[in-house]
Number of protein chains: 2
Amino acid sequence: MKKVKLSEIALAAGVSRSTVSLALRGSPLIAKSTAEKVREAASELGYVYNRTAAALRNRRTHTIGLIEANFKNPFFAAMSESVEREIERVGKALLFVDSAESLERQQKAIQLMLEHGVDGILLCPVRHTTKENLEILKKAGVPFVLFSRYIPGFDADYVGGANVEGAYQAVCRMIQLGHKRIVFVGGEPYTSSWLDRVGGFRRAMVEAGIELPSPWYFCSEVSAAGGSSRVEEVLEVRPMPTAALCYSDTVAFGFMMGLERRGIFPGRDFAVVGFDDLPESRLWRPPLATLACPPTRVGSMAIQMLLERLDGDNTPPRRVEIQSILIERDSLSIGNIGKS
Amino acid sequence: MKKVKLSEIALAAGVSRSTVSLALRGSPLIAKSTAEKVREAASELGYVYNRTAAALRNRRTHTIGLIEANFKNPFFAAMSESVEREIERVGKALLFVDSAESLERQQKAIQLMLEHGVDGILLCPVRHTTKENLEILKKAGVPFVLFSRYIPGFDADYVGGANVEGAYQAVCRMIQLGHKRIVFVGGEPYTSSWLDRVGGFRRAMVEAGIELPSPWYFCSEVSAAGGSSRVEEVLEVRPMPTAALCYSDTVAFGFMMGLERRGIFPGRDFAVVGFDDLPESRLWRPPLATLACPPTRVGSMAIQMLLERLDGDNTPPRRVEIQSILIERDSLSIGNIGKS
DNA sequence: TCCTCCAATTAGACCGATTTAATTATACAC
DNA sequence: GTGTATAATTAAATCGGTCTAATTGGAGGA
């Protein structure tokens, strides 16, 4: 159990501590024969590299912080996966926190990451996050990239989906199919992604000269339970809506289940479009129309930007939007809606 | 961005480095007035505690490693959440890796965690993991707890669901409801959880003197897509099955969607039971009967056991099984199955 | 005044690697 | 044989806290 350290390998291999260090790091300064000898001694003794010690001297912990706002959302799970793969590829480790939409937890997580000396941070800010909340990251000088949500007026690297355009596109299509009474269902307000999606929705309605139902948006937790919980209220709107753009596919699932429970069949009696294109969406009955914005693209773009920053890229902050494309499926078919 | 360190605070506060360290750690040795002065100077200078440096001396990184085998599965996401909460509560950080059922990734993750000097590890071993693969953890002397899956013959702390009993219970109930031709759908073979669920299934059938369909189990990825992909094969079994126990709720969802696509209605034409009791399950149409084994219980039990080990508990390894209870819902109603 | 005791403070070794500058060994040319 | 260039190795300072053992200061007692 006692940890083996460099000096012990040095002793065993009959060289100095420096040589061992250099050899194990694969330095070209060390003769191949010596390096081999050292490596043998190391594995003989069961040596485990101590990254903590190295980091102290190095000022690089080879650790990346990932702060999610809601990782039970499958979209984020998929995104994290691609982030993780890339981090693994470059031999770093991932310090993970799910802030679960709690500002307090988020700020504590940031503090934790700073104390651990992470090389960089990927952050999806919780709702109500202000510029001031994130200023500490700039002060500390840690490279960081925001994903999925940005903070208006806060100049920082950002990668997310094209939410305004996505929502706009979906609503335009719904209108083209004959819908007029359309609502927006689900999502946590006070996040940029929600505001942007709602904004795109609104713009499409306004541009088409269609009056917004009242109320025209319904907030909820981002989950099936959230979507399901709003069905009743939506159905009470008069004149009754015929279509809904949902904040996410999970919300859409819940919403559709709720509709069915009331004998209203999505894709026949009511059009539903989601956001995310989860793998389940095309399996759903009816298959769910949705705005696809591959989480793996967002994730790999975000981590790539961060890694570039770690490599010393200090160009001005960039904003990257990943295109959202409308996948038309049966939940958006005309059915008998157009005529009603 | 130059990091502020203890010596600089010491200078500013007119005390020694030792005093600063002691004061910031809240040692009772330091006069309250001095401590206050130090704390002020520290925040004045924007000091950030360097856990890496402390860890080097301490031999405690205050870091816990979590190695998941499949965290896109919502069950594990929920479990991780409770683990995370507890880790946050005790002021530690979480080093996270999703091995995604890859033995190679898992072993690299273990190595990574050892190099980072995590205080302890929570591990859900991937399929095909052998005793030998995990021996390194014992050699290294890191406390660790297996969750959800154990390795037969490998003596280690373990927390998981009561899989044998759960499956047994569900199948008995199906039989009691009149089903005879029952199959097991989904899951990755060569994991203890799969083997146990399949084992419980088999036992119930054998004890009831019912012949197993041929084939009687169908493996798949643990996801809706996985469940959906097996529907065709299941429906080709002759005589045709009337009920399925699915490896997980996600598999059950996919399976049910596949059935419906073929005009077979779960809960009316075919009984389906899942495992996990996800929040969506009761919203499903029909609501999904399932074996509930709260992921938060598994998670908090696992982390609690680990923390006890960190506190020096060196009693023999424990095996904890969290009870699975059958939640009966419409997907398991009789419908016109019993008579067919 | 001197001594004792306790509280408060501090010096300095230590954790385990890294890395620069210095040293030693080796090869080659003349 | 000597000098020089190059390769290989190493000594030692360093990263930033921690913590024990030592020191200092002041109160109280005789």
Side-chain angles (χ1 to χ4, degrees), chain A residues 1-39 41-42 45-63 91 93 112 114-119 140-141, chain B residues 1-39 41-42 45-63 91 112 114-119 140:
Chain A
M1 305 315 129
K2 218 180 73 291
K3 296 261 170 58
V4 179
K5 47 184 177 175
L6 287 193
S7 57
E8 287 159 48
I9 300 173
L11 202 66
V15 295
S16 74
R17 207 163 81 255
S18 318
T19 303
V20 176
S21 173
L22 263 3
L24 293 182
R25 294 303 94 219
S27 161
L29 288 175
I30 303 300
K32 272 189 285 294
S33 58
T34 312
E36 183 51 32
K37 200 171 53 183
V38 168
R39 246 174 281 125
L45 296 171
Y47 174 70
V48 175
Y49 181 54
N50 184 332
R51 290 187 184 228
T52 306
L56 181 56
R57 175 65 219 249
N58 265 349
R59 313 171 126 290
R60 278 271 164 131
T61 56
H62 291 291
T63 283
L112 185 77
L114 294 180
E115 293 186 357
H116 268 284
V118 295
D119 296 341
Chain B
M1 298 338 116
K2 213 179 79 288
K3 298 259 169 60
V4 178
K5 47 184 175 175
L6 287 193
S7 57
E8 288 159 47
I9 300 174
L11 202 65
V15 295
S16 75
R17 205 162 86 258
S18 316
T19 303
V20 177
S21 173
L22 262 3
L24 293 181
R25 292 305 92 217
S27 162
L29 288 175
I30 303 300
K32 273 190 284 293
S33 58
T34 311
E36 184 52 32
K37 199 171 57 184
V38 168
R39 247 175 279 126
L45 295 171
Y47 173 71
V48 175
Y49 180 55
N50 184 332
R51 290 189 183 228
T52 307
L56 181 55
R57 177 64 219 246
N58 266 348
R59 310 167 131 291
R60 276 271 165 131
T61 55
H62 291 290
T63 284
L112 184 78
L114 293 180
E115 293 186 357
H116 270 283
V118 294
D119 296 340

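The sequence lines fix the lettering, A, B, ..., with proteins before strands; numbering per chain opens at 1.
- Remark on DNA chain C: of its neighbouring residues B:Ala53 and B:Ser16, the 5'-side contact belongs to B:Ser16, judged by nearest-heavy-atom nucleotide.
- The interatomic distance linking A:Leu6 (CG) with D:dA12 (C1') rounds to 15 Å, in whole Å.
- One can find a donor-acceptor pair under 3.5 Å joining the base of D:dA11 and the side-chain atoms of A:Ser18.
- Side-chain proximity of A:Lys5 to the nucleotides C:dT19, C:dG16, C:dT10 is greatest for C:dG16.
- At the heavy-atom level, B:Arg51 lies nowhere under 4.0 Å from the strands shown.
- Rounded to an integer number of Å, the gap from CD of B:Glu115 to P of C:dA17 is 11 Å.
- In this structure, B:Ile30 places its CD1 atom 16 Å from P of D:dG25, rounding to the nearest Å.
- Within 4.0 Å (heavy atoms only), A:Thr52 reaches no atom of the nucleic acid at all.
- Closest approach to the B:Ala54 side chain among C:dC15, D:dG17, D:dT9 is made by D:dG17 (side chain taken as heavy atoms from C-beta onward).
- With DNA chain C read from its 5' end, the first of the two nearest nucleotides for B:Lys32 and B:Arg59 is the one closest to B:Lys32.
- Distance from the side chain of A:Arg57 is smallest to C:dT18 among D:dT9, C:dT18, D:dG16.
- Residue-level contact check: A:Val15 touches the backbone only, with heavy atoms under 4.0 Å from sugar-phosphate atoms and none from bases.
- Judged by the 6.0 Å distance and 45° axis criteria, B:Arg39 is not positioned over the aromatic ring of B:Tyr47.
- The side-chain contact (heavy atoms from CB on, under 4.5 Å) with B:Leu6 is formed by just one residue from the set B:Leu24, B:Thr19, B:Asn50; it is B:Leu24.
- In terms of polar N and O atoms assigned as donor or acceptor, the side chain of A:Arg17 never comes within less than 3.5 Å of the base of C:dG16 in a complementary pairing.
- Look at CG on A:Leu56: it is 14 Å from P on C:dC15, rounded to the nearest Å.
- Between A:Leu22 atom CG and C:dT18 atom P the separation is 9 Å, expressed in whole Å.
- Phosphate proximity of D:dT18 to B:Ser21: present, with a side-chain N or O under 4.0 Å from OP1 or OP2.
- A:Asn58 has a side-chain polar atom (N or O) that falls below the 4.0 Å cut-off from OP1 or OP2 of C:dT19.
- Between C:dC15 and B:Arg60, no contact under 4.0 Å exists linking OP1 or OP2 to a side-chain N or O.
- Within 4.0 Å (heavy atoms only), B:Thr34 reaches sugar-phosphate atoms of the nucleic acid but no base atom.
- Nearest to the side chain of A:Tyr49, among C:dT18, D:dT9, D:dT18, sits C:dT18.
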